[in-house]
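Presented below is the structure to which this report refers.
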2 protein chains.
Amino acid sequence: MNRLNYKHLYYFWRIATTGNLTAAAEQLHVSQSALSMQLKQLEHQLNVQLFTREARSLSLTREGAKILEYAEEIFSAGEALEQFIASGFDADRIHLNIGVLTNLSRNFIEKFVGPLLAQDKITFTLHTQSMEQLLENLANHELDLALTNLLPPQLPGKTKWQSQLVSRQQLAIIGPEDCEAQKQPFPTGFAKYHWILPKQGTEIRNIFDTLCSSEQFKPQILAEADDMAMLRLLTRDSGALSVLPPVVVQDEIANHHLKVIQPLPHAYEHFYAITLQHKRQNPGVRTLFTLSP
Amino acid sequence: MNRLNYKHLYYFWRIATTGNLTAAAEQLHVSQSALSMQLKQLEHQLNVQLFTREARSLSLTREGAKILEYAEEIFSAGEALEQFIASGFDADRIHLNIGVLTNLSRNFIEKFVGPLLAQDKITFTLHTQSMEQLLENLANHELDLALTNLLPPQLPGKTKWQSQLVSRQQLAIIGPEDCEAQKQPFPTGFAKYHWILPKQGTEIRNIFDTLCSSEQFKPQILAEADDMAMLRLLTRDSGALSVLPPVVVQDEIANHHLKVIQPLPHAYEHFYAITLQHKRQNPGVRTLFTLSP
DNA sequence: ACAACTTACGTGGAGCGTAATCATC
DNA sequence: GATGATTACGCTCCACGTAAGTTGT
């Protein structure tokens with residue numbers, strides 16, 4: 001009469017929520033064979049088939065789905081406990097681990113998380129990471145939330161993400177304060193300027209490139225970067241034009257070092273908050289969504 | 001950044017609810033040193049003092065008590081899961097493990113648990129055991145409920161029991177159907193009879209002995225037993241008198257082999273249902289209490 | 001002295017990784 | 001052939017028991 005093995009059950013929970021043994025193994029930093037064995041042992045001890053091994057993927061059986069409900073209850077309580085311990089034994093005090101894509105505008109991030117600073121019961125840590133790291137750490141349950149300007153890929157058989165559009169920033173052509181104001185709409189009169197642009201492949205660049213090619217415009221590109229903080233500095237110090245959401249250079253605009261030369265119609269950068277769907281959503285995440293504009 | 005060790009947490013839960021490391025070690029069938037080490041490791045990993053080691057016993061710290069609440073939530077869900085699996089994946093179907101003291105009247109037990117037979121969603125297993133076994137298996141969480149005619153000892157620093165009086169049976173002098181009816185109250189006219197009595201030390205015997213000595217009566221004892229089923233047979237086949245709750249020999253009374261010669265005033269046998277206090281009380285136990293008279 | 005917890009130390013096996021294998025797309 | 005699950009096999013370290021140590025009544 002052996003007792004339930006919670007380690008096995010935890011693995012089962014992670015496999016089931018990930019929907020994929022290989023991905024779960026990566027997230028848990030164990031080999032796929034080890035996971036497979038532990039899962040098999042759980043099934044043997046409970047004397048239940050948890051997954052049907054069909055095709056080359058696992059899908060929950062009826063029994064597995066029911067057991068998953070209990071596992072959800074158990075391990076979401078467990079995560080709440082971890083939260084509670086991490087927050088120094090103050091039940092109301094919440095700590096959020098927020099991941100941000102390295103190349104996002106710091107000003108934008110601050111705008112988004114700023115409201116939390118007023119909440120003295122909520123603290124947070126910002127982790128700037130690549131998209132791959134963000135997704136891995138969300139899956140790991142080491143991040144509560146990730147901020148990106150790209151939707152994550154929804155691969156079949158991989159972890160499912162819950163993405164929420166949290167902001168839409170209109171793009172604009174930014175230039176030095178002393179740049180002659182362009183009354184004419186882009187691209188008329190812009191041929192003589194140099195450009196600092198987001199790197200190829202970024203959303204902003206794609207939008208701008210599309211615009212350029214439809215207008216038969218060939219910008220003289222002085223420099224490229226994928227990091228908004230870097231673009232901000234380059235734009236400030238180069239005297240060239242750039243295409244950015246004004247929030248990136250809001251300080252320079254306020255200081256009259258830079259100005260918005262012309263907003264681009266129908267051109268927006270999108271910001272997404274990505275989470276795992278979770279039965280017991282982190283209350284800090286909820287308040288963040290309600291607080292943010 | 002290591003994850004919560006649920007095995008350690010489980011041990012902590014059991015130690016905390018038992019209130020005593022040695023007793024918990026016995027229940028869990030591990031050595032006390034092993035438990036001590038695992039507990040220490042949990043404290044080290046969480047970086048929290050869970051118990052204050054004062055005197056020669058453990059008492060929960062403030063933090064320990066809070067963590068215990070989470071552990072309760074986690075492991076009562078875990079036990080519900082075990083129940084669910086044991087009951088063949090039918091959430092409403094409940095299986096009860098009921099322990100009964102070996103020497104209790106089988107008729108009484110049947111009266112108590114009988115109502116469950118009509119509940120087709122509830123099944124049960126009866127385990128007849130000694131008092132020590134009952135208490136150990138309750139502590140083990142291998143029994144949901146124990147039926148006894150004795151209150152369990154409440155030792156300080158040991159597991160706390162929750163006892164509920166479920167029945168009170170009046171004792172009576174039982175004898176053969178053809179025994180001349182005794183109109184006179186005991187002990188007048190009873191000197192010539194032999195007796196079959198519950199063993200010394202049982203509640204019934206204590207009551208009867210007290211009565212005898214206050215009445216200066218010395219019964220001629222033919223045989224003793226502690227098992228009610230045995231007493232029933234001895235009483236039926238010996239032709240002697242006995243002191244029992246009539247329920248023990250209800251069939252023989254109905255068959256006119258035996259009869260109640262005289263109820264004893266103020267003499268009762270008591271029956272108790274013993275459980276562990278538990279946040280999420282087994283729903284089967286609750287219905288049993290509501291069903292039983 | 002005894003009862004309860006802690007520390008020391010050696011051991012077995014559960015859990016793991018590597019690598020080979022099977023199966024499906 | 002690539003991807004994903006299972007099987008085979010050996011190793012490592014963690015949880016365990018025995019036994020000695022510590023502490024408080």
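Reckoned from all heavy atoms, side chains included, excluding hydrogens, waters and symmetry mates.
Side chain of Val30(B), nearest nucleotide from dT6(C), dG17(D), dC16(C): dG17(D). Checking dC16(C), dT7(D), dC16(D) against every side-chain atom of Ser36(A), the shortest atom distance belongs to dT7(D).
The shortest distance between the side-chain N/O atoms of Lys7(A) and the OP1/OP2 oxygens of dC16(C) is below 4.0 Å.
Looking at heavy atoms from C-beta onward, Gln38(B) lies out of side-chain contact with Ile15(B) at the 4.5 angstrom threshold. Side-chain contact between Glu72(B) and Thr17(B) is present, with heavy atoms from C-beta onward closer than 4.5 Å. Thr148(B) is listed as a side-chain neighbour of Met131(B), based on a closest heavy-atom distance under 4.5 Å.
Aromatic ring orientation, Tyr10(B) versus Phe75(B): perpendicular (interplanar angle above 60°, classes split at 30° and 60°).
Rounded to whole Å, atom C1' of dT7(C) lies 15 Å from atom CG of Leu35(B). One can place NE2 of His44(A) at 16 Å from C1' of dT6(D), the figure rounded to the nearest angstrom. If you take CZ of Arg53(B) and P of dG24(D), they are 14 Å apart, rounded to a whole angstrom. Between Lys40(B) atom NZ and dA15(D) atom P there is a gap of 15 Å when expressed in whole angstrom units. Between His29(B) atom NE2 and dG17(D) atom P there is a gap of 11 Å when expressed in whole angstrom units. Across the protein-nucleic acid pair, Asn20(A) atom CG and dT6(D) atom P stand 11 Å apart, rounded to whole Å. For the pair Ile15(A) CD1 and dG4(D) P, the computed distance is 15 Å after rounding to whole Å. One atom, CG of Leu39(A), and another, C1' of dG15(C), lie 14 Å apart when rounded to the nearest Å.
Across all strands, Tyr11(A) comes closer than 4.0 Å only to sugar-phosphate atoms, never to a base (heavy-atom distances).
In this structure, Glu269(B) and Met228(B) approach most closely via the heavy-atom pair OE2-CE, 4.1 Å. Here the closest heavy-atom approach between residue Leu138(B) and residue Leu276(B) is recorded as O-CD1, 3.1 Å.
For Phe112(A) and Phe271(A), the ring centers are positioned 6.0 Å apart or more.
Here the straight-line distance linking atom CG of Asn137(B) with atom OG of Ser130(B) works out to 9.0 Å at 0.5 Å rounding.
A salt bridge does not link Arg205(A) to Asp226(A): none of the charged nitrogens lies less than 4.0 Å from a carboxylate oxygen.
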Identify each atom pair where a protein N or O and an N or O of nucleotides 18-20 of chain D are less than 3.5 Å apart, giving names and distance.
from, atom 1, to, atom 2, distance (Å)
dT18(D), O4, Ser33(B), OG, 2.7

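With respect to Leu126(A), the side-chain contact (heavy atoms from CB on, under 4.5 Å) criterion is satisfied by exactly one of Leu147(A), Ile109(A), Leu96(A): Ile109(A).
Counting heavy atoms of neighbouring residues, nucleotides and ligands inside a 6.0 Å radius, atom NE2 of His44(B) does not exceed 12 of them.
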Seminar exercise, completed: In B/S/- notation (B base, S sugar-phosphate only, - none; protein heavy atoms under 4.0 Å), nucleotides 9-14 of chain D written 5' to 3' is ------
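In this structure, the helix from dA1(C)-dT25(D) to dC25(C)-dG1(D) shows an angle of 20° between the axis at its start and the axis at its end, each fitted on 5 base pairs and rounded to 10°.
A donor-acceptor contact shorter than 3.5 Å is absent between the side chain of Thr128(A) and the backbone of Leu101(A).
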